[in-house]
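Not measured: the values here are computed from a predicted model. The figures that follow rest on heavy atoms only: side chains count, while hydrogens, waters and symmetry mates do not.
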Amino acid sequence: MTISVAVSGASGYAGGEILRLLAAHPEVEIRTVTAHSNAGQPLIDHQPHLRSLAHLTLQDTTPEVLAGHDVVFLALPHGQSAQYTEMLADVPLVIDAGADHRLTDRAAWDQFYGGDFPEPWAYGVPELLVDGGKQRDVLAGARRIAAPGCNASTVSLSLAPGVAAGVIDPGDIVSVLAVGPSGAGKSLKTNLLASEILGSANPYAVGGTHRHIPEIRQALAAAAPAAADIRISFTPVLVPMARGILTTSTAPIVPGVTDAQIREAWESAYADETFVQVLPEGRFPRTADVLGANTALLGLAIDRAANRVVVVAAVDNLVKGTAGAAIQSMNIALGLPESTGLSVNGVAP
C-alpha cells in the first residue's frame with residue numbers, strides 16, 4: 001500500500017530535507033507540499049535540487065489542504081505547529097519537526113518558549129535509552145511524533161549511555177557544539193549572512209539560554225529516572241559550514257568506575273544500532289563523515305587527568321538531526337523496516 005504524504009514548510013531547509021529523503025522512500029507518495037508566503041509557486045523554484053519533484057506546486061498551509069493524507073509532516077517555525085494539530089485529528093500520523101510538542105514539563109516550556117503549552121508527543125529519537133529500554137518502543141504504533149531538536153538529540157545520544165549505566169555524573173555536564181547555520185532555518189537573518197559567518201566562529205545563546213537545554217535534560221532524565229539532578233553547560237558556536245554538528249561533551253567519572261566499564265556502557269548501548277555508531281578507541285568523527293547520512297558517529301575518550309569522559313559526536317543536523325529522525329520514526333510508527341529510505345552512507349568529499 002502506498003503511503004500518501006503531505007509536507008508543510010516545504011520551501012524551507014527542514015521541509016526540503018524531508019522531501020529529499022521521502023523522494024527515495026519506496027513506500028511513499030508525496031502528494032502535497034505547502035508553504036506560507038511562497039504558496040502558489042513551483043516547488044522547484046525553492047528546492048532546485050529536488051528534480052524528481054518538479055511537478056509539485058506549493059499550496060497554502062491550511063488544515064483542509066493537509067487533511068486526507070496518511071502522514072503529515074509539519075516543518076514549520078517553532079510555535080506554528082500546534083495551531084494545526086487539533087484540526088488534523090483524522091490524519092493517522094502527524095510528525096512535527098518543530099519544538100511545539102517536544103517538552104513534557106510546562107515550567108520548562110514557559111521558561112524557554114512561552115505561550116500556550118502544547119500536548120507532548122512521542123519523542124522521535126528511536127535509539128535513545130529510556131529506563132532500561134529504547135525510545136523506539138514508544139514510537140511503535142504512535143500517531144503523533146515530535147521530531148527532535150538537532151543539537152538536543154546529538155548531546156542526548158552522546159551521554160545517555162553513561163547516565164543510564166551510572167558511570168558518569170550528570171550533575172556537571174559541559175557540551176560545546178560547532179553548528180552549521182542551516183539549523184537556524186532559511187529565513188533571512190543578518191547574523192547568518194555569508195559576510196558575517198565566513199572566516200569566523202560565532203557563539204550564541206551562551207549562559208544557559210538555548211532552547212534545546214530542557215530537551216536534553218528531559219532525554220537524559222528518561223534514560224535514568226533515578227539519576228541525580230541533570231545540570232548542563234551548553235554552548236553552541238556557529239561555524240562556516242552549511243550543515244553539520246560536531247559536539248564535544250564531557251562529564252565527571254563516577255568514583256570506582258573502570259575504563260572498561262565506561263567503554264562498555266557506550267558500546268553495549270549502541271551495539272545493535274544501524275544509525276548510531278561508536279568508533280574504535282582512539283578514533284573521532286568529523287562532520288564530513290556524516291553529510292547526507294542518517295548517521296550519528298561517536299568517539300569516546302577517557303581523560304583520567306581531569307577525571308572526565310569526553311564524547312565527540314558528529315551528525316548532519318538536517319538528516320539525523322531532523323528529517324532523517326522524523327522519517328526513521330515514521331517507519332517505526334507504521335511498522336515498516338526502520339531503515340527504509342535512509343542511508344548510513346554520507347557524501348564525500
Side-chain angles (χ1 to χ4, degrees), residues 78 99 102-113 120 123-125 127-131 135 146-179 183-184 201-239 245-255 257 262 265-266 269-270 276 285 296 298-303 306-315 317 320-322 325:
H78 302 327
R102 293 175 188 158
L103 297 185
T104 60
D105 181 58
R106 181 184 295 270
W109 175 267
D110 290 342
Q111 179 181 355
F112 286 86
Y113 291 94
Y123 192 52
V125 185
E127 302 90 351
L128 194 65
L129 293 162
V130 180
D131 196 15
Q135 182 66 12
C150 53
N151 297 319
S153 60
T154 307
V155 175
S156 299
L157 289 169
S158 295
L159 297 173
V163 174
V167 300
I168 61 173
D169 176 6
D172 183 17
I173 295 169
V174 177
S175 292
V176 178
L177 303 85
V179 182
N202 303 282
Y204 67 101
V206 178
T209 61
H210 197 285
R211 288 175 167 180
H212 286 179
I213 290 173
E215 189 178 336
I216 296 166
R217 296 182 71 251
Q218 175 178 293
L220 295 181
D229 287 343
I230 293 162
R231 292 182 296 172
I232 178 170
S233 173
F234 177 93
T235 306
V237 181
L238 279 177
V239 297
I245 298 173
L246 188 74
T247 297
T248 302
S249 299
T250 78
I253 300 168
V254 170
V257 172
I262 292 169
W266 271 264
Y270 299 131
V276 180
L298 308 181
L300 180 69
I302 301 168
D303 184 351
N307 196 45
R308 298 180 76 89
V309 171
V310 181
V311 184
V312 179
V315 304
N317 59 295
K320 185 57 176 167
T322 305

To the nearest 0.5 Å, tell me how far Leu128 CG sits from Tyr123 OH. 7.0 Å
For a side chain to side chain contact (heavy atoms under 4.5 Å, CB included) check, start with the C-alpha distance between Arg102 and Arg211, then their side-chain angles and the critical distance, and finish with the verdict. CA-CA 11 Å; Arg102 293 175 188 158; Arg211 288 175 167 180; over 6 Å; no
Closest non-hydrogen atom pair, Trp266 against Gly162: CH2-CA, 3.4 Å
When the side chains of residues 226-233 are checked against the rest of the protein, which donor-acceptor pairs come out under 3.5 Å, sequence neighbours left out?
residue : atom : partner : partner atom : Å
Arg231  : NE   : Gly171  : O            : 3.0
Arg231  : NH2  : Gly171  : O            : 3.2

Got a second to check how far Ile245's CD1 is from Asn317's CG, nearest 0.5 Å? 5.0 Å
Smallest separation among heavy atoms of Ala325 and Gly124, with atom names: CB-O, 3.7 Å
Rounded to the nearest 0.5 Å, how far does OG of Ser249 lie from CD1 of Ile168? 9.0 Å
Residue pairs, two or more places apart or on separate chains, that pass salt bridge (Lys or Arg N to Asp or Glu O under 4.0 Å) and touch residues 155-179: Asp172-Arg308
Considering only distance and modelled atom types, tabulate donor-acceptor pairs under 3.5 Å from the side chains of residues 150-160, sequence neighbours left out.
residue : atom : partner : partner atom : Å
Ser153  : OG   : Gly149  : O            : 3.3
Ser153  : OG   : Cys150  : O            : 3.3
Thr154  : OG1  : Cys150  : O            : 2.7
Ser156  : OG   : Ala152  : O            : 2.8
Ser158  : OG   : Thr154  : O            : 2.7

Could you work out, with side-chain contact (heavy atoms from CB on, under 4.5 Å) as the rule, every residue matching Asp303, not counting sequence neighbours? Ala305, Ala306, Val310
Over all heavy atoms of both residues, which pair between Ala296 and Val315 is shortest? Give the atoms and the distance, please. CB-CG1, 3.6 Å
From Thr104 OG1 over to Gln218 CD, what is the distance, rounded to the nearest 0.5 angstrom? 3.5 Å
Considering all heavy atoms, the nearest Phe112-Gly208 contact: CE2-O, 3.7 Å
Under 6.0 Å between ring centres: does that hold for His210 and Tyr204? yes
Give the intermediate values and the outcome of side chain to side chain contact (heavy atoms under 4.5 Å, CB included) for residues Ile253 and Val309. CA-CA 6 Å; Ile253 300 168; Val309 171; 3.7 Å; yes
Does the side chain of Val167 come within less than 4.5 Å of Val254's, by heavy atoms? no
For Thr322, which residues count as a side-chain hydrogen bond (donor to acceptor under 3.5 Å, both in side chains) partner, sequence neighbours excluded? none
Tyr113: partners by ring-ring contact (aromatic ring centres under 6.0 Å, His included), with sequence neighbours left out: Trp109
What distance do Phe234 atom CZ and Glu215 atom CD have between them, rounded to the nearest 0.5 Å? 9.5 Å
Atom CG of Leu220 and atom CD1 of Ile173: how far apart are they, to the nearest 0.5 Å? 5.0 Å
Looking at Ala201 and Val237, what are the two nearest heavy atoms and their distance? CB-CG1, 3.8 Å
